[in-house]
Amino acid sequence: MAYPMLHKGSWQVRQQEDYFFFELSYQLYLTQESAIYAHKSTRVTPLMSEKKIIFTYYNQHGQRVEENLELPASVALANQMAITFSPGSGTINKISSIAFTTNYQEGKITYQYYIGSGRFVKKKS
């Protein structure tokens, strides 16, 4: 009888992690695109102690927006490197990545910025 409950719990954890990484990808894209179109510097700030990531960007009306993305209980930040996108180009001034450890996906997940493509690539290790 306990097996279905354990299976349901792992399914929910997997779904929470999948949604978190989907939302993270979207917010990274939105923050970078905002730097390009608003011609203002934007920022991604991971906070280990608060288990969240803050995205600072500008909306279509030019107003500054700060959005928080809470980490699910099964995901932990592996580094706390802030990323700043340059105004007008959306590039960054140094090689940057955001790394996580997860319970369900067992391992490290890294979003690495590639200068050639100008995008983040998700890698599992």
Side-chain angles (χ1 to χ4, degrees):
M1 254 180 131
Y3 179 73
M5 294 301 287
L6 292 173
H7 183 68
K8 181 181 177 188
S10 66
W11 177 79
Q12 288 174 331
V13 170
R14 177 182 178 182
Q15 193 171 34
Q16 288 173 346
E17 287 184 13
D18 287 346
Y19 178 76
F20 169 77
F21 288 114
F22 171 80
E23 186 66 25
L24 174 66
S25 295
Y26 174 74
Q27 289 291 343
L28 285 169
Y29 173 79
L30 181 68
T31 305
Q32 185 179 26
E33 289 295 307
S34 173
I36 295 168
Y37 294 114
H39 293 278
K40 295 181 181 179
S41 182
T42 60
R43 190 170 175 88
V44 178
T45 310
L47 298 174
M48 283 179 157
S49 61
E50 297 179 35
K51 288 196 60 116
K52 69 180 178 181
I53 302 172
I54 301 171
F55 298 89
T56 307
Y57 61 93
Y58 296 85
N59 66 16
Q60 60 191 7
H61 304 291
Q63 298 167 320
R64 186 172 181 260
V65 176
E66 228 179 62
E67 287 198 32
N68 296 328
L69 179 60
E70 304 288 332
L71 277 68
S74 62
V75 176
L77 278 161
N79 68 3
Q80 192 166 305
M81 180 184 300
I83 299 166
T84 302
F85 294 104
S86 299
S89 67
T91 59
I92 56 176
N93 59 0
K94 61 182 176 180
I95 301 296
S96 298
S97 66
I98 301 174
F100 304 89
T101 56
T102 66
N103 290 346
Y104 175 76
Q105 298 184 28
E106 296 178 6
K108 191 174 186 179
I109 296 177
T110 305
Y111 282 76
Q112 178 70 49
Y113 182 82
Y114 283 95
I115 293 174
S117 68
R119 296 278 179 236
F120 282 88
V121 175
K122 180 181 176 181
K123 299 188 299 185
K124 293 182 182 181
S125 58

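Hydrogens, waters and symmetry mates are skipped; everything else that's a heavy atom, side chains included, is used.
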>> Nearest 0.5 Å, please: how far is CG in L30 from CZ in F55?
In response: 9.0 Å

> For the residue pair I95 and M81, what are the closest heavy atoms and their distance?
Replying inline: O-SD, 4.1 Å

> For the side chain of N79 and the backbone of S97, is there at least one donor-acceptor N/O pair under 3.5 Å apart?
Replying inline: yes

>> Quick check on the hydrophobic clustering: are I53 and M48 connected, directly or via other members, by side-chain heavy-atom contacts under 4.5 Å?
In response: yes

>> In this structure, would Y29 and L69 fall into the same cluster of hydrophobic residues linked by side-chain contacts under 4.5 Å?
In response: no

> Should the pair F21 and Y111 be assigned to parallel (<30°), tilted (30 to 60°) or perpendicular (>60°) ring geometry?
Replying inline: parallel

> Is Y26 reachable from Y19 through a run of hydrophobic residues whose side-chain heavy atoms are each under 4.5 Å from the next?
Replying inline: no

> Taking all non-hydrogen atoms of both residues, which atom of E50 and which atom of E70 are closest, and how far apart?
Replying inline: O-OE1, 4.1 Å

>> Once rounded to the nearest 0.5 Å, what's the spacing between atom NZ of K122 and atom CD1 of I109?
In response: 5.0 Å

>> For T31 versus T56, what's the shortest heavy-atom pair and its separation?
In response: CG2-O, 3.8 Å

>> Quick one: does any side-chain atom of Q32 pair with a main-chain N or O of G118 as donor and acceptor, under 3.5 Å?
In response: yes

>> Would you say that L77 contacts I98 through its side chain, given a criterion of any heavy-atom pair below 4.5 Å between the two side chains?
In response: yes

>> Taking the side chain as everything from C-beta on, heavy atoms only, tell me whether V44 gets closer than 4.5 Å to F120.
In response: no

> What's the spacing between N68 CG and K52 NZ if we round to 0.5 Å?
Replying inline: 4.0 Å

>> For T91, is there any backbone N or O sitting under 3.5 Å from a side-chain donor or acceptor partner on S86?
In response: yes

>> Let me confirm one number: the CZ-CZ distance from R43 to F85, rounded to the nearest 0.5 Å.
In response: 11.0 Å

> Which pair of non-hydrogen atoms, one from I92 and one from Y113, has the smallest distance, and what is that distance?
Replying inline: CD1-CD2, 3.0 Å

> Can you name the closest pair of heavy atoms from K51 and A73 and give their distance?
Replying inline: NZ-O, 3.8 Å

> At what distance, to the nearest 0.5 angstrom, does CD of Q27 lie from CZ of F22?
Replying inline: 10.5 Å

>> Under a 3.5 Å threshold, yes or no: a donor from one side chain and an acceptor from the other, between Q60 and Y37?
In response: no

> Considering all heavy atoms of both residues, which atom of Q80 and which atom of L47 are nearest to each other, and what is their separation?
Replying inline: OE1-C, 4.0 Å

> Is there a donor-acceptor pair closer than 3.5 Å between any side-chain N or O of S34 and the backbone N or O of Y58?
Replying inline: yes

> Just how far is it from atom CG of L71 to atom CG of L24, taken to the nearest 0.5 Å?
Replying inline: 8.5 Å

